[in-house]
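Before any comments, here is the structure.
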Number of protein chains: 2
Amino acid sequence: MIPTLEWTSDGVRFIDQTKLPLEETYVLATNYQQVADVIVTMVVRGAPAIGVSAAMGVALGAKSTTALTTEEFTPEFDQICTLLAATRPTAVNLFWAIDRMKAIFTQLSSSGATLHDIQQSLLAEALKMYDQDIADCKAIGAHGAHLMPDVGGVLTHCNAGALATCGYGTALGVIRGAVEQGKQIHVFADETRPFLQGARLTAWELMADNIPTTVLCDNMAAVLMRQGRIQAVVVGADRIAANGDAANKIGTYSVAILAREHGIPFYIAAPWSTIDRATATGDLIPIEERASIEVTHHGGKQLTPHGVGICNPAFDVTPAKYITAIITERGILRAPYSQSLQVMELVTP
Amino acid sequence: MIPTLEWTSDGVRFIDQTKLPLEETYVLATNYQQVADVIVTMVVRGAPAIGVSAAMGVALGAKSTTALTTEEFTPEFDQICTLLAATRPTAVNLFWAIDRMKAIFTQLSSSGATLHDIQQSLLAEALKMYDQDIADCKAIGAHGAHLMPDVGGVLTHCNAGALATCGYGTALGVIRGAVEQGKQIHVFADETRPFLQGARLTAWELMADNIPTTVLCDNMAAVLMRQGRIQAVVVGADRIAANGDAANKIGTYSVAILAREHGIPFYIAAPWSTIDRATATGDLIPIEERASIEVTHHGGKQLTPHGVGICNPAFDVTPAKYITAIITERGILRAPYSQSLQVMELVTP
């Protein structure tokens, strides 16, 4: 089991994803500010993992307070939630998780619960979300496995694996599910510039599971498709709008267009918490622009001339029309997504 | 004038493109084996520059021979040509240039010319090819400039600039031509993994010319297209088949599909020497697979886990159907290319 993040008696422990694959080191966040920092600096990343990290950050903030009463703690609780919500803008799971923690707090504080009870309940909620995330990934894997080829190549972009969740993964959960069914999958992992989540993280966790993996530069996927080496594409998502448009790591939109051009199915795998029915279309999803240095430098070495202009959007939006299906723990959604999302909302999770 | 390569009394001098943009250093090849090495290691790269480099390598080999007679030199000449031709397989300009040198040699040796005369003529031919290359680039620029927007963004991939030629460039020649006509072009340069010719070389030479340039990761181009920030795409080519299919740096095929999907014209700019009418279609163009280390490492730092599979094709083929026009020094070709190439062949260069 890959230890993406874990609640411990000393704080929240994260595998440092900025150091993988060559160093397996851990960061212990002992207060909520450190949890926020770990999210901002991408020690932990991936929409589901970010959501649970934030929930644990809230629980840690509540546990560490010097306040003596619920009333005294209330403004600090707001501060904790505000700081954690400001870490990254695109993954909706972050806001979803914090909202769940807020709902617990509001319910208990309005019913006169003690601060101790609130602390316990917030932690219990975060741990429940952690367990639920793994269970959801396994359900996504079981549903999606049927969509994978019996024998063939599957392309993925970025890391939507165990490292992007509390374990098992979403897109890589689908691949793990297929492999568990005895399917012979060869994974082609886009390296995923600029942060190289594919080259570093997807490759690392699939090799640990002995799933055959080839890393390619992002610009090589089209050739492999044309050569008939890719039978399906499966990626994660950071936010899915009400019409099925899906935000995911920068480059996903390209992959989706290329897949359609080559007649290859393109799947999104994500937990229900990634669906944001309050956002009508992908155009309304806020896209984080990250620092130029991620593009201009690698490993401390500068790649570009001094002063050149740089683009670095961290995500893009794939319009629903390119998405063959959305795989969730509740089942598989097909277009038109505005309708299938509405119907699936009624399915008991 | 960017000194891509230059004949000197001591040998052939190359700017070291593996060290740009941070170090401007030079390599002097004092024998033909060193010229071959410079091509293999990509100190010099770009189809037109490779062609002229090889011609200069042949001239240098002839100049440095210890043979006393044409007859004695003949097997060595074959050896020189064979070594230089084996440096890289995809760019047809390499073979075209060597064939031109062979033709000079055959003509002179069969007419009983002295070794000294042959040496002089081979050098004269290489220098003529050098001058012709710059003139061709300027003609390509003048033709292609009309296809560029008056004001707008132009995407390019890899480096088809002064550094890929003897000067001025093919795709960047078109951009320079447009800027010289007073057009306001903002260049978007794909960084071009794995060798980063865009981030390193295109950015460097356009900044030197004060042409506004933004570097993006290859996987970001589709988003810029969708945002309406790209009005045209122009790239070079390493070999153009008789049907108009064009081999160019890996990733070009993706860019072409993305351009078509967004209704953006996609242009190839290349000298006539890049056209290989002996090769019927792009499927027959040999594609060089380069060492994994270009993908797994950067600046001496390893990016991927030990032992993971790696893809590293150096080129891909863009089918003619995605190419809006091919810009050559003879004029602009439109589909059907098998016909327009045949007609343009008759145009006096």
Side-chain angles (χ1 to χ4, degrees), chain A residues 20-22 157 186 188-194 196 199-200 203-204 206-208 212-224 226 249-258 260-262 287 294-296 298-313 316-317 319, chain B residues 20-22 157 186 188-194 196 199-200 203-204 206-208 212-224 226 249-258 260-262 287 294-296 298-313 316-317 319:
Chain A
L20 288 173
L22 299 183
H157 187 75
H186 188 107
F188 290 94
D190 274 351
E191 64 173 8
T192 317
R193 282 281 293 152
L196 299 169
R200 299 190 301 106
W204 181 78
L206 292 178
M207 286 183 83
T213 304
T214 298
V215 172
L216 55 143
C217 297
D218 302 322
N219 62 24
M220 297 170 183
V223 167
L224 297 185
R226 192 170 169 87
K249 181 53 50 195
I250 185 72
T252 303
Y253 174 46
S254 284
V255 173
I257 292 172
L258 299 175
R260 200 173 69 161
E261 186 72 11
H262 294 91
I287 299 296
E294 289 181 357
V295 175
T296 58
H298 190 80
K301 195 180 150 82
Q302 186 173 332
L303 314 173
T304 50
H306 298 296
V308 73
I310 295 291
C311 270
N312 190 17
D316 59 27
V317 172
Chain B
L20 286 173
L22 299 184
H157 187 75
H186 188 107
F188 290 94
D190 274 351
E191 64 172 7
T192 317
R193 283 282 293 153
L196 299 170
R200 299 190 300 105
W204 181 78
L206 291 179
M207 285 183 83
T213 304
T214 297
V215 172
L216 54 143
C217 297
D218 302 323
N219 63 25
M220 296 170 185
V223 167
L224 296 186
R226 192 169 169 86
K249 180 53 51 194
I250 185 71
T252 303
Y253 173 46
S254 283
V255 173
I257 293 173
L258 299 176
R260 197 172 72 161
E261 186 73 9
H262 293 90
I287 298 297
E294 290 182 355
V295 176
T296 58
H298 190 82
K301 195 179 150 82
Q302 185 173 332
L303 312 173
T304 50
H306 299 298
V308 74
I310 295 291
C311 269
N312 190 18
D316 59 27
V317 172

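A quick note: this is a predicted structure, and the numbers were derived from the prediction, not measured. Below, chains carry the letters A, B, ... as their sequence lines are ordered, and counting in each starts from 1.
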Measure [X] against the heavy atoms of chain A and call it side chain, backbone, both or neither at under 4.5 Å.
| X | value |
| --- | --- |
| B/Leu22 | side chain |
| B/His157 | side chain |
| B/Met220 | both |
| B/Ile287 | neither |

When only pairs under 4.5 Å are counted, which of [options] shares the most heavy-atom pairs with chain B?
| options | value |
| --- | --- |
| A/Leu303, A/Val317, A/Leu206 | A/Leu303 |
| A/Arg226, A/Arg260, A/Lys249, A/His186 | A/Arg226 |
| A/Leu258, A/Leu216, A/Thr192 | A/Leu258 |

query: Does any non-hydrogen side-chain atom of B/Cys311 lie less than 4.5 Å from one of B/Val295?
result: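 No, every pair of side-chain atoms sits at 4.5 Å or beyond.
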
Chain B contact via [X] - side chain, backbone, both or neither, heavy atoms under 4.5 Å:
| X | result |
| --- | --- |
| A/Leu224 | side chain |
| A/Glu261 | side chain |
| A/Ile310 | both |
| A/Asp190 | neither |

query: In terms of heavy-atom pairs under 4.5 Å, which option from B/Arg200, B/His306, B/Met207 contacts chain A the most?
result: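 Ranked by heavy-atom pairs under 4.5 Å with chain A, first place is B/Met207.
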
task: Look at B/Ser254, B/Pro212, B/Pro194, B/Pro313 and state which one has the largest set of heavy-atom pairs under 4.5 Å with chain A.
output: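 Of B/Ser254, B/Pro212, B/Pro194, B/Pro313, B/Ser254 has the most heavy-atom pairs under 4.5 Å with chain A.
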
task: Say whether, by atom type as modelled, one donor and one acceptor occur between the side chain of A/Asn219 and the main chain of B/Arg193 under 3.5 angstrom.
output: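 Yes, A/Asn219 side chain to B/Arg193 backbone: donor-acceptor pair under 3.5 Å.
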
message: Within this structure, what is the CH2-OG1 distance for the pair A/Trp204 and B/Thr304, rounded to the nearest 0.5 Å?
response: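 That separation rounds to 14.5 Å.
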
field: Straight-line distance of B/Asp218 CG to B/Leu196 CG, nearest 0.5 Å
entry: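 Result: 8.5 Å between the selected atoms.
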
query: How far apart are the C-alpha atoms of A/Lys301 and B/Lys301, what are their side-chain angles, what is the distance that settles it, and do they pass the side-chain contact (heavy atoms from CB on, under 4.5 Å) test?
result: CA-CA 9 Å; A/Lys301 195 180 150 82; B/Lys301 195 179 150 82; over 6 Å; no

B/Ala203 to A/Val308 - nearest heavy-atom pair and separation: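 Distance-wise, the nearest heavy atoms are CB-CG2, 3.9 Å.
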
